[in-house]
**Q** 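Below you will find the structure I want to go over with you.
Residue numbers begin at 1 in each chain, while the letters A, B, ... track the order of the sequences. Everything quoted here is computed from the prediction, not taken from an experiment.
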Amino acid sequence: MSDLLRLTKASFGYAGKPTVAGIDLVIGAGDFVGIVGPNGGGKTTMFRGILGLLPPLVGRVERLTSAVGYVPQRESLDAVFPVTAEEVVQMGAFGRLNRMRRLSHEDKALALESLERVGLVEQRRASFSALSGGQRQRVLIARALMVRPKLLLLDEPTSGVDRSAQSRILDLLVGLNEQGMAILLVSHQLLMVRDTVRRVVWVYDGRVEHGDPAEMLKPENLDRLYATIERDAPGAS
Amino acid sequence: MDISWADRWHLFHFAMLAAACAGLVCPLLGSFLYLRRTSFYGIALPQFATAGVVFGFVVLPWWVARIGLGDLSADAALGEPHAAMNYHLVWAAVFTFGGLSWLDFLARKSGRDVGRVAAAFAIASAATILFSRMSAVGASFVDELLQGEVLGVGLHQFETIAVLLGLVLATFVIFYRDLVLVSYDREMAQVLGVRVFRFELLLTIVTGLTISVGTMSLGPLIVFGLLVLPALAARPWARSMTSYLLLSSGFGLLAVVLGILASFELDLPMGAAIVAAAGLELIPGFVFRRMRR
């Protein structure tokens, strides 16, 4: 299995102060990994580091492929922009515009193909902000597919959507993973992660633990992890 | 005595064409300012440009004596301000870019803050009044600009506004996709390897250029009005980014045409009439939104 992403003793943080430290992580082709942990534990900081938005304070981050797709939290996108679903998806190819800063015919076709893959080609002319939460999430996945990714990074892909939309998104991710795409997602929805991913990275209190989801997310292990958090919290007796 | 439209065109076509250029281009920039939630830059920066123009008048005698202004004497430059237009344009640009860089620097450091932009507007307004006290000619020139009376626009001013706003238009046409991406999803742009800083700098340059040349030629009122109102008027009707930008520009041009008609027919200052027409364009969108709810 070829490696796509390698973190070696990496620490990430702000203003020189590490939020999460000592991360050793390798993501290979076909991996399906969930980053979980309590709020404020450092998972978003780690995710930003993996994306290259935050340089490591210590250690190394090696992205061994340039085919990395990114799906942000949909709430981060301002609804004041009057963009259609198709325009949002086409943005995924803006990193390779031609010399006249135009999209190629291939990229326009790929945008339709990506919308087809996520089941939203009929809604391509709909306003992005008028779509349901689950549909918007799938549009963002279609946008990430525009780079023909080998590794797909998703930030809270199922938060704030109803159960049917959630299962549709997960089915889509599982399908992409079965086609060989490595997937790394951040989520606070432990049950969803346990039932979907094949490996868990638990980020808490600036530390990282890896493991099998069924094992790590057992109630007794969760009790232990949360007890550690509570014990280490400032003000705990 | 009634003047025919042919005579009006003959006498004032440079003013009409300059206003049309602004009507076409300012709303494009205004759309980006609105979407990036920086519309207030549209009110603060023309005020910086105005302060720069008056400051230019204050230092003009010193400038002519020490550095020179071509063949112009200080008296000639003060007697016919349009003769030293490039000089005043440079001061307008220096103050606009200064204000814009300052606001951008603070926004990068500690986030966008409307209060800070309001403070910048207050400071620039005070500076305009204080500089006006130091130069009577500057004060009268700026009074004319503030009134929005643009009929005095001549060939040189029209050429300047047409060339510079033409460059701005070309920038939007060519780099439209990059500017949309860095405005809509900055992080995604970074992940895709788009040079975000380069395009944000381009937007800053385009903003400074449009506002300084527009303010110097047509006055701060028209510039602010055309930056903000057509972009707002177009938003309820837009179904996509492309249609939004085209509609904004269309509303801007329509406001200029209606404003010019009203100004001649009702004997109103042209600048104020254009802005009032742009204001009226908000009504259909407002009604449309209420009906859709």
**Q** Would you say B:Leu192 and A:Met91 make side-chain contact, with heavy atoms under 4.5 Å?
**A** no

**Q** With rounding to the nearest 0.5 angstrom, report the CZ to CE distance, A:Phe81 to B:Met241.
**A** 6.5 Å

**Q** Which residues in residues 115-127 of chain A have any heavy atom lying under 4.5 Å from a heavy atom of chain B?
**A** none

**Q** For B:Arg239, does the CZ atom have more than 12 heavy-atom neighbours from other residues, nucleotides or ligands under 6.0 Å away?
**A** no

**Q** Could you check whether atom CZ of B:Phe286 has more than 12 heavy atoms from other residues, nucleotides or ligands sitting under 6.0 Å from it?
**A** no

**Q** How would you list, in number order, the residues of residues 100-111 of chain A that have a heavy atom less than 4.5 Å from chain B?
**A** A:Met100, A:Arg101, A:Arg102, A:Leu103

**Q** Between A:Ala85 and chain B, with a heavy-atom cut-off of 4.5 Å, which part of the residue counts as in contact: side chain, backbone, both or neither?
**A** neither

**Q** Just by distance, do the side chain of B:Arg235 and the backbone of A:Val80 share a donor-acceptor pair under 3.5 Å?
**A** yes

**Q** Counting only heavy atoms not in B:Tyr244 (residues, nucleotides, ligands), do more than 12 fall under 6.0 Å from its OH?
**A** yes

**Q** Under 4.5 Å, heavy atom to heavy atom, which residues of residues 42-58 of chain A contact chain B?
**A** A:Arg48, A:Leu51, A:Leu53

**Q** Check A:Pro72 against B:Asp185 and note the closest heavy-atom contact, atom names and distance.
**A** CG-OD2, 3.8 Å

**Q** Among the options B:Ile174, B:Val173, B:Val194, pick out the one with the most heavy-atom pairs lying under 4.5 Å from chain A.
**A** B:Ile174

**Q** A side-chain contact here means heavy atoms from C-beta on lying under 4.5 Å apart; do A:Asp78 and B:Arg37 qualify?
**A** yes

**Q** At a 4.5 Å cut-off on heavy atoms, which part of B:Ser243 comes close to chain A: side chain, backbone, both, or neither?
**A** neither

**Q** Just wondering, are more than 12 heavy atoms of other shown residues or ligands nearer than 6.0 Å to CZ in A:Arg168?
**A** no

**Q** Between A:Val71 and chain B, with a heavy-atom cut-off of 4.5 Å, which part of the residue counts as in contact: side chain, backbone, both or neither?
**A** neither

**Q** Are there residues of residues 141-162 of chain A that reach to under 4.5 Å of chain B by heavy atoms, and which ones?
**A** A:Arg143, A:Val147

**Q** For A:Val88 and B:Tyr184, which heavy atoms make the closest approach, and how far apart are they?
**A** CG2-OH, 4.0 Å

**Q** Report which part of B:Ser31 has an atom under 4.5 Å of a heavy atom belonging to chain A: side chain, backbone, both, or neither.
**A** neither

**Q** Looking at B:Gln190, B:Glu187, B:Arg195, which makes the most heavy-atom pairs under 4.5 Å with chain A?
**A** B:Glu187

